[in-house]
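All figures in this text were calculated on a predicted structure; none of them were measured in a lab. Just so we're on the same page: letters track the sequence lines, and every chain starts at 1.
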Number of protein chains: 2
Amino acid sequence: MTRPANEPLGRPTDAELTARILAATGELLIERGYAGLKIEQIAKRVGCGKTAIYRRWPDKAALTAASVLEHTEVGEEPDTGDVVIDLVLHATQNQTNQARGTAAAAQVEGYSPWRVVFEPEVFPLIWSALFEQRRDQGVHLIERGIERGQLPADTDAELILDTIAGLTLYRQSVKGTVITPDQYRVIAASLVADPPRAGSAARG
Amino acid sequence: MTRPANEPLGRPTDAELTARILAATGELLIERGYAGLKIEQIAKRVGCGKTAIYRRWPDKAALTAASVLEHTEVGEEPDTGDVVIDLVLHATQNQTNQARGTAAAAQVEGYSPWRVVFEPEVFPLIWSALFEQRRDQGVHLIERGIERGQLPADTDAELILDTIAGLTLYRQSVKGTVITPDQYRVIAASLVADPPRAGSAARG
DNA sequence: ACATTACGGTACGTTCCGTTTCGTTTGTGT
DNA sequence: ACACAAACGAAACGGAACGTACCGTAATGT
């Protein structure tokens, strides 16, 4: 048969080994932080050689990004009919995903593990998946609110979303504390009740 | 005279050299980012030896922190009689200081220079000066608003300040864009009009 | 059987940190 | 004027960790 032989020749890459490498990377990332993450130690914990790692990812940054993104799903877009509730669900979902991606566990002194997203080498690799996709979802969510008449047509969606995302980021990465759904609700309600407008030049 | 000879013996440290090292560090930080910042290159640009640097700061992180903090003054606490205006001034001041601390100039691809504050080694060294002091100022500012009756007594000051700080952080570090005073005003007004309460369990 | 690729292990070259050593220069106190 | 102490530039050094190259071995398809 003219089987295109899509699969490459030779011994196939061990998918389970890939999974174990990603898992160990995640663990060590939490335990030691990015700077303290040593490739050789990952290999040691997994019980494989460095070769196996570098065959899969070009460098430490790519491996880290893969490990972080592994636990980062975008999630369903909430649609309850109420913009405020949708925003709260959206924000809570983000926070949960972020937390799951990095767990709590033991930490490096003064280093919230989530701060790994700011590592200059890693950031470009996860920026899109972590922020842009969520932002698009949030924009859509607000547009639906406008259609329902819950928000003015010229609402500055970006500013609302950035405010909520910023709060999450600040609490999670800088202070290492959690935002309760109630706190999200108060902020979202406040923003929706007196929403920023596009152009944002007018005040009263 | 019984001059206590507070000054140590021998050749005194060159204050101007210290200044030039800090300046060069700031420049290179902007040009290459923290990871790309090499001690030897700082020495080369200044025209001194590495010894002169390591005599002044214990390591790269401390030097970086010193360079960032050099341009970061806390500033006067605004007091206009209107909480919203005070908040806007407070926030704008922060943003300006942050921007001045890292300038705009040439940047590393995908690396907002301000993101240096997140470098795990640097963060603990500048955290207090950069965030805590400002936060105390903001709390005081809100307390005055409560006394004036512009805010309820159980206002959750922390949540308001974190929201504003988070927005600044997100825009500046993640997106690399600037927040206009008008945008600050809209957010602040919205937060003050429907403020979060302590405990934050009640909604309406 | 054979070609091909992954695997673990090891040795290696490179970069950069931070330290140490050296001889020299500069300020201070007598 | 003189001696002392500390800063200075230059350079060599040890160590850590990255990422690569090579080995012999194991697994898969033809």
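Between the K60(A) side chain and the L37(A) main chain, a donor and an acceptor come within less than 3.5 Å of each other. In this structure a side-chain-to-backbone donor-acceptor pair under 3.5 Å is missing from T168(A) to Q95(A).
Using a 4.0 Å heavy-atom cutoff across all strands shown, L37(A) reaches sugar-phosphate atoms only and no base atom. L63(B) comes within 4.0 angstrom of no nucleic acid atom, judged by non-hydrogen atoms across all strands.
Between dC8(D) and R20(B), no contact under 4.0 Å exists linking OP1 or OP2 to a side-chain N or O. Side-chain N/O atoms of R55(B) include one lying less than 4.0 angstrom from OP1 or OP2 on dC8(D). Phosphate contact (OP1/OP2 of dC8(D), side-chain N/O of R56(B), threshold under 4.0 Å): present.
The separation between K38(A) atom NZ and dG15(D) atom C1' is 12 Å, rounded to whole Å. When rounded to the nearest whole Å, the span between NZ of K44(A) and P of dG9(C) equals 12 Å.
The base of dA27(D) does not come close enough to the side chain of R11(A) for any donor and acceptor atom to sit less than 3.5 Å apart. Between the base of dG19(D) and the side chain of K50(A) there is a donor-acceptor pair shorter than 3.5 Å. For dA6(D), the base has no donor-acceptor partner in the side chain of T13(B) [N/O atoms by modelled type, under 3.5 angstrom].
If you check dC18(D), dC8(D), dG27(C) against the side chain of P12(B), the one that comes closest is dG27(C). Side-chain atoms of Y54(A) lie closest to dC18(D) of the nucleotides dC8(D), dC18(D), dG9(D). Comparing dG19(D), dA17(D), dA5(D) by their nearest atom to the side chain of L9(B) picks out dA5(D).
Of the charged side-chain nitrogens involved, at least one lies within less than 4.0 Å of a carboxylate oxygen, so that D154(B) and R197(B) count as a salt-bridged pair.
Checking Q93(B) against R134(B) by side-chain atom types alone, no donor-acceptor pair falls below 3.5 Å.
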